[in-house]
Amino acid sequence: MVDTDVQSRIHELRELINRYNHEYHVLQQPTIPDAEWDRLFHELKRLEDENPDFITADSPTQTVGAAPSEAFEQVRHEAPMLSLSNVFSREGLNEWIARVRRFAGRDELEFTVEPKIDGVAASLVYRNGVFDRGATRGDGMVGENVTANMRTIRDLPRTLTSPNGPIPEVLEVRGEVYMRRSEFDLMNEAREEAALPRFANPRNAASGALRQLDARITAERPLRIFAYGIGMVVGQIPFKHSDTLALIRALGVPTPPDTGVYSDADELWAACEAWLEWRADLDYEIDGVVIKVNDTRLYPEIGTVAREPRWATAFKFPASQGVTVIEDIEINVGRTGSLNPLAHLKPVEIGGVTIRRATLHNQDEIRRLAVKIGDTVVVERAGDVIPKIVSVVEENRTGDEHDFIWPEHCPVCGSTVERVEGEALSYCVNASCPAQLREQISHFVSRGAMDIEGLGTKLARRFVDDGLIRSFADIYRLNWEPIVEMEGLGEKSVENLKRSIENSKQRPLARLLFGLGIRHVGQQTADLIAAHFGSTDAIAKATQDEIAAVPGVGKVIAQSLSDWNAEERNQLLLNDLKQLGLRTEIDESERQSTTPTEWTGLTVVLTGRLETLSRGDAEGLLKKAGARTSSSVSRKTDLVIVGDDAGSKADKARDYGVETIDEQEFLRRMKMDTD
DNA sequence: AAACCTCGAGCTCC
DNA sequence: CTCGAGGTTT
């Protein structure tokens with residue numbers, strides 16, 4: 001980059017950041033996510049660091065936050081409210097630790113780790129134990145007096161209670177005003193019902209609520225506070241930060257949970273990572289952890305640079321939000337005929353992953369977000385996996401966006417689209433819609449169903465598109481002539497395919513039933529029904545009431561199955577399948593052993609990758625032994641078998657106090673039992 | 001209300 | 001493999 005480019009980019013960044021600062025601090029209507037702001041800010045910081053000549057005093061990097069607005073009385077913080085330096089990696093953290101050790105002049109140091117709550121920084125002054133003044137941070141030196149608003153915060157004590165010893169004459173508690181996710185969601189639901197706009201996220205909502213001119217409005221918002229330290233103090237306080245936190249807690253001001261003290265760098269890092277793992281399950285948002293030197297007596301020694309103390313830093317978690325553009329919205333037709341809108345995004349990297357697609361779920365979701373094609377949107381990778389469109393950045397609209405019109409006809413076959421009153425999804429009414437057929441066939445051949453090796457999703461679709469397969473039965477009476485001619489299919493693979501189709505005829509009734517793709521009849525329900533009725537003939541004859549009488553099967557499933565039964569072509573299909581030699585009855589080997597074992601009646605959940613067994617085999621073993629397998633952990637789960645790379649389920653099990661065992665232990669118990 | 005299930009995602013690793 | 005929305009069942 002040549003100098004002029006750098007200079008103009010710096011200029012551009014400053015303008016952008018200043019504008020966003022204004023929107024954030026003064027208008028309180030941020031138009032970009034914090035992560036995006038951080039990105040811009042760091043780009044600017046980096047460019048300035050590399051080109052110190054271009055730094056000017058008015059650059060946003062040289063000031064902390066924006067000037068307070070005129071609406072509130074200004075208050076000067078007796079002790080400035082500092083901001084924090086950031087580290088983003090273990091290396092960064094190690095460098096910070098090394099620096100601190102150098103300035104402290106010793107290697108033996110204690111550090112505290114506490115969550116960095118994503119809220120609004122606030123200062124609370126207590127005089128003789130009575131809440132006297134509340135203020136925002138402002139620019140760090142001067143903030144706004146929001147005492148009246150703070151009095152409405154439910155977990156902020158008006159008076160401090162001291163169980164032991166005197167309360168300091170003057171005590172300035174510093175903390176973060178925030179909203180719990182759950183309460184934020186409730187508030188948004190209520191606002192929606194009242195036809196009020198939703199808030200984008202808990203932090204913006206908290207910031208807005210705290211700066212309401214009418215405290216009665218603040219009182220209606222679910223604000224809470226976590227204290228993380230103290231500012232000015234007249235009187236005695238402990239010299240260790242961890243003890244100060246304990247004192248604050250004892251005085252009645254809430255502090256974040258699980259703050260820990262570590263002297264070992266590895267343990268410190270582990271604590272940071274632990275918070276990263278807990279992050280998704282917390283009822284409040286955190287954007288990192290704060291690490292502080294525990295001994296406050298060392299602070300003067302270690303010092304402060306600019307407005308950042310050197311004795312504390314923030315380990316910022318990787319961004320979980322990003323901004324991108326919706327290039328198109330596509331409608332997919334699922335196996336059940338449901339219309340599923342899928343947003344095509346301009347690829348964007350979030351937390352080290354490139355996101356290109358995101359589901360919009362249904363019509364209501366599109367309406368709720370009020371998204372248009374071409375819109376700039378905030379995308380979040382929540383809970384680590386599924387990307388989600390959070391909100392539209394309306395300010396970025398140019399007028400070139402256009403509404404997405406929900407189709408009245410199936411985009412694949414042109415049939416009418418129907419949405420039952422009270423249901424979220426719309427369906428294509430055409431039962432033989434090619435899109436549905438394609439999905440149905442690939443479901444039928446899939447692993448959980450008939451498990452036809454060599455006939456995967458791709459090939460199944462090809463056969464459907466070429467008209468070779470029009471129903472499940474066609475799979476078993478394929479015309480092989482055109483197939484052997486097909487590109488990419490050699491002699492060998494055709495032989496293998498023939499054999500695995502033949503083998504699949506031996507799949508148990510439950511799998512066949514599941515493969516049929518009857519609405520609401522998934523793996524579990526198929527098991528129940530197959531075990532109860534024992535044959536396709538019995539199922540076909542069963543009345544709706546008889547079906548509903550099966551434990552675990554209710555009205556809706558019974559209705560769905562009996563509707564399916566009532567279709568003549570389905571009866572013909574069952575006949576065909578029977579003629580073609582598929583198993584339409586259960587046999588003894590499918591029945592579970594009758595002698596009760598230690599497994600009988602247990603609810604077991606499998607998670608992660610097992611080494612010696614496939615998941616299906618493990619489930620089969622468990623079922624035979626009389627246990628039930630479930631897909632999610634709840635308080636009622638008896639046992640969780642944890643494999644490699646287990647995810648949230650293992651954590652949840654620990655939360656609930658459910659017993660967890662590894663594969664070795666599982667095999668051992670299994671063995672003992674079958675002997 | 002809680003537990004569980006279905007179904008359609010999207011990503012990663014193979 | 002896992003998640004999450006939208007369901008159903010108890």
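Here is the naming used below: chain letters follow the sequence lines, and residue numbers restart at 1 for every chain.
Atoms CG (A/L425) and C1' (B/dG8) sit 10 Å apart, rounded to a whole Å. At whole-Å resolution of the value, CD1 in A/I389 and P in C/dA5 are 13 Å apart. In this structure, NZ of A/K555 is placed 10 Å from P of C/dT8, rounded to the nearest angstrom. Here B/dT6 presents its P atom at 9 Å from CG of A/L528, a figure rounded to the nearest Å. A/N340 places its CG atom 12 Å from the P atom of C/dG6, with the value rounded to the nearest Å. B/dG8 atom C1' lies 9 Å from atom CG of A/N332, rounded to whole Å. A straight line from NZ of A/K388 to P of B/dA9 spans 17 Å, rounded to a whole angstrom. Between A/I350 atom CD1 and B/dC11 atom P there is a gap of 10 Å when expressed in whole angstrom units.
Looking at heavy-atom distances under 4.0 Å, A/Q523 makes contact with sugar-phosphate atoms alone, never a base. Across all strands shown, A/I518 has heavy atoms under 4.0 Å from sugar-phosphate atoms exclusively, and none from any base.
Considering only side-chain N and O atoms, A/T359 lies nowhere under 4.0 angstrom from the phosphate OP1 or OP2 of C/dG4.
Comparing B/dC5, B/dC7, C/dA5 by their nearest atom to the side chain of A/H361 picks out C/dA5. In this structure, the nucleotide among C/dG6, B/dG8, C/dT8 sitting nearest to the side chain of A/V556 is C/dT8. With B/dC7, B/dA9, C/dG7 as the candidates, the nucleotide lying closest to the side chain of A/T336 is B/dC7. Minimum atom distance to the side chain of A/R335 is reached by B/dG8, of the listed B/dG10, B/dG8, C/dA5. When each of B/dG8, C/dT9, B/dT6 is scored by its nearest atom to the side-chain atoms of A/S338, the top-ranked nucleotide is B/dG8.
Within the cation-pi definition used here (under 6.0 Å to the ring centroid, within 45° of the axis), A/R519 qualifies as a partner of A/Y427.
Heavy-atom nearest nucleotides on DNA chain C were determined for A/D364 and for A/A548, and the one closer to the 5' end corresponds to A/D364. Between A/N362 and A/R447, the one whose closest nucleotide on DNA chain C sits nearer the 5' end is A/R447. Between A/T354 and A/G334, the residue anchored nearer the 5' end of DNA chain B, judged by the nucleotide with its closest heavy atom, is A/G334.
Between the side chains of A/N340 and A/S338, at least one donor N or O sits under 3.5 Å from an acceptor N or O.
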Before giving the answer on ring-ring contact (aromatic ring centres under 6.0 Å, His included), spell out for A/F315 and A/W275 the whole-Å C-alpha distance, their side-chain angles and the decisive distance to 0.1 Å. CA-CA 11 Å; A/F315 169 62; A/W275 275 106; over 10 Å; no

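Salt-bridge check for A/R181 with A/D283: failed, with every basic side-chain N at 4.0 Å or more from each acidic carboxylate O.
Aromatic ring pairs are classed by plane angle as parallel below 30°, tilted from 30° to 60° and perpendicular above 60°; the pair A/F444 and A/F472 is parallel.
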